[in-house]
Amino acid sequence: MSIVVTGATGNLGRHVVEQLLEKVPADQVTAVVRNPEKATGFAERGVRIATADYNTPASFEGLFAAGDKVLLISGNEFDKGRVGQHQVVIDAAKAAGVALLAYTSAPGSLTAALADDHRGTEKALTESDLPYALLRNGWYHENYTENLAPVLQYDAVTHAAGEGRVSSASRADYAAAAVAVLTGEGHENKTYELGGDIAWSFAEYAAELSRQTGREITDNAVSVEAFAGILTGAGLPEPLAAILAGVDASIEKGELVIDSGDLSRLTGRPTTPLAEAISTALKS
Ligand code: NAP
């Protein structure tokens, strides 16, 4: 019996494995990775490494065992049919008889196209009759704080979210919630709406950046069409630019405000303030 984490060499997956290692012996943790070379650090610490790819169903055959608790971290290959990819993991988990399959989804309130794969995966999971947990992760602080270069170049936060607010939290916060579910009891067939304790607007984000940098960083709200054009102009493929601009349209409608309190309740502590994530990013 093991706690199994897919996407373990991704940004969120690394946080999850690190935090699991603080709670359970390493030999009870399995990291599912595409490229074992990226997981040598985990292997050296005693984590079991399993190599599998969502695009290759055979690679998941026999990977899970009865009683395992599995975290399926959603993939990032938007053009490869993520629902089908995730179905591969669900089918393998079902064949093995795992005790829990937790899935990193998107907020139930999010109507942007980005959420379609998550709703499709949730449907596949709830119809599988497996014990499931839906971790509907809100936005990461890092979506913004790891992309400060253009903001600092133009002294402007450019977005298409108007006065909309975002309840973001750090990846480490969402990882802590996943670890609480994987190591705790009573999470079967539960849905958690996860987000930061404090929702902020882009004007407030620009003001906090100004405070921390000592520069005047302005709030530059543009239309969704203009924003998509700015993103493609910066080199993003058109479909991805449309998806990201669509998320801003959702933010303006309030769809990324999460006020359930589920995240801090699961982790037992307040979520990381955005100001702290900005400060960390500016120091790196
Ligand atoms: P990430 O760093 O891009 O990690 C994605 C993980 O998925 C990586 O470990 C990657 O493997 C793995 N993966 C992708 N395709 C795969 C495949 N075909 N087979 C097996 N593994 C595959 O993203 P993250 O920051 O950890 O976030 C986790 C997920 O949350 C993302 O994939 C995305 O679905 C979603 N997301 C959420 C937010 C948010 O704000 N809530 C923001 C961005 C993304 P490798 O390590 O081998 O690359």
Side-chain angles (χ1 to χ4, degrees), residues 4-19 30-42 47 49-60 63-64 70-90 92-93 102-110 112-122 134-147 161 166-179 192-196 236 240 243-244 246-248 250-251 255-258 262-263 271-272 274 277:
V4 187
V5 181
T6 74
T9 47
N11 289 299
L12 180 67
R14 284 187 183 281
H15 281 291
V16 173
V17 174
E18 286 295 343
Q19 293 186 38
T30 300
V32 182
V33 303
R34 287 191 288 193
N35 177 359
E37 281 172 22
K38 286 174 71 178
T40 48
F42 289 148
V47 173
I49 309 297
T51 306
D53 190 309
Y54 300 152
N55 297 311
T56 314
S59 65
F60 277 92
L63 193 152
F64 303 121
V70 180
L71 176 64
L72 165 55
I73 292 188
S74 47
N76 56 6
E77 297 175 319
F78 296 95
D79 56 337
K80 290 208 176 146
R82 289 192 298 169
V83 179
Q85 290 183 328
H86 299 157
Q87 183 78 58
V88 165
V89 180
I90 294 168
Y103 172 66
T104 61
S105 192
S109 49
L110 185 64
L114 186 68
D116 293 350
D117 289 347
H118 294 297
R119 297 287 93 83
T121 303
E122 288 189 357
L134 300 181
L135 305 173
R136 289 181 169 170
N137 289 348
W139 243 218
Y140 303 152
H141 290 327
E142 290 89 344
N143 294 342
Y144 303 102
T145 59
E146 286 179 354
N147 293 295
V166 185
S167 312
S168 64
S170 69
R171 283 198 189 94
D173 293 329
Y174 294 108
V179 168
Y192 297 105
E193 297 286 349
L194 304 172
L236 259 66
L240 185 57
I243 285 175
L244 295 179
V247 168
D248 274 22
S250 280
I251 292 174
E255 295 177 6
L256 281 179
V257 173
I258 317 294
D262 283 352
L263 182 48
T271 58
T272 307
L274 177 67

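Counting convention: from 1, in listed order, for ligands and their atoms alike. Remember, predicted model here, so these are calculated numbers, not experimental data.
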For [atom], find the nearest protein heavy atom and state the residue, atom name and distance (0.1 Å precision).
{"atom": "atom 46 (O) of ligand 1", "result": "T9 OG1, 2.7 Å"}
{"atom": "atom 12 (C) of ligand 1", "result": "G7 CA, 4.0 Å"}
{"atom": "atom 32 (O) of ligand 1", "result": "S74 O, 2.6 Å"}
{"atom": "atom 4 (O) of ligand 1", "result": "G10 CA, 3.6 Å"}
{"atom": "atom 19 (N) of ligand 1", "result": "Y54 N, 2.8 Å"}
{"atom": "atom 30 (O) of ligand 1", "result": "Y140 OH, 3.2 Å"}
{"atom": "atom 10 (C) of ligand 1", "result": "R34 NH2, 3.7 Å"}
{"atom": "atom 3 (O) of ligand 1", "result": "N76 ND2, 2.8 Å"}

inquiry  = Measuring from atom CZ of R171 to atom CZ of R14, what distance do you get when rounded to the nearest 0.5 angstrom?
reply    =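 Rounded to the nearest 0.5 Å, the CZ-CZ separation comes out at 12.0 Å.
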Straight-line distance of T6 OG1 to D53 CG, nearest 0.5 Å = 11.0 Å
query = For ligand 1, is any non-hydrogen atom under 4.0 Å from I73's backbone (N, CA, C, O), its side chain (CB onward), both, or neither?
reply =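 Side chain only.
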Going by the atom numbers of ligand 1, which of them fall below 4.0 Å from some non-hydrogen atom of [X]?
{"X": "G75", "result": "32 (O), 33 (C), 34 (O)"}
{"X": "N143", "result": "39 (C), 40 (O), 42 (C)"}
{"X": "Q85", "result": "18 (N)"}
{"X": "G138", "result": "39 (C), 40 (O), 41 (N)"}
{"X": "N55", "result": "18 (N)"}

So which heavy atom on [X] is nearest to which on [Y], and how close?
{"X": "P36", "Y": "T51", "value": "CG-OG1, 3.4 Å"}
{"X": "R82", "Y": "G75", "value": "NH1-O, 2.8 Å"}
{"X": "Y174", "Y": "W139", "value": "OH-O, 2.9 Å"}
{"X": "G108", "Y": "E193", "value": "N-OE1, 3.1 Å"}

Polar atom proximity, [X] to ligand 1 (N or O, under 3.5 Å):
{"X": "E77", "answer": "yes"}
{"X": "R82", "answer": "yes"}
{"X": "K38", "answer": "yes"}
{"X": "D53", "answer": "yes"}

ask   = Which is it for N137 and T104 under the side-chain hydrogen bond (donor to acceptor under 3.5 Å, both in side chains) test, yes or no, and what are the steps along the way?
value = CA-CA 6 Å; N137 289 348; T104 61; 5.0 Å; no
inquiry  = Does the protein come close to atom 23 (O) of ligand 1 - that is, does one of its heavy atoms sit below 4.0 Å from that atom?
reply    =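 It does not; no protein heavy atom is within 4.0 Å.
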query = Yes or no on side chain to side chain contact (heavy atoms under 4.5 Å, CB included) for F60 and V32, after CA distance, side-chain angles and deciding distance?
reply = CA-CA 9 Å; F60 277 92; V32 182; 4.0 Å; yes
query = Going through the checks in order, is the side-chain hydrogen bond (donor to acceptor under 3.5 Å, both in side chains) test met by E77 and N55?
reply = CA-CA 10 Å; E77 297 175 319; N55 297 311; 3.2 Å; yes
query = When you look at H141 and S170, which way does the side-chain hydrogen bond (donor to acceptor under 3.5 Å, both in side chains) test go after all the steps?
reply = CA-CA 5 Å; H141 290 327; S170 69; 5.6 Å; no
ask   = Any non-hydrogen atom of R171 lying under 4.0 Å from ligand 1?
value =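 Yes, that is the case, since the closest heavy atom of the residue is under 4.0 Å from the ligand.
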Y140 and L12, any side-chain heavy atoms less than 4.5 Å apart =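 Contact flag for L12/Y140 side chains = yes.
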query = Should R34 and Y54 count as side-chain neighbours, where that means a heavy-atom distance under 4.5 Å?
reply = no
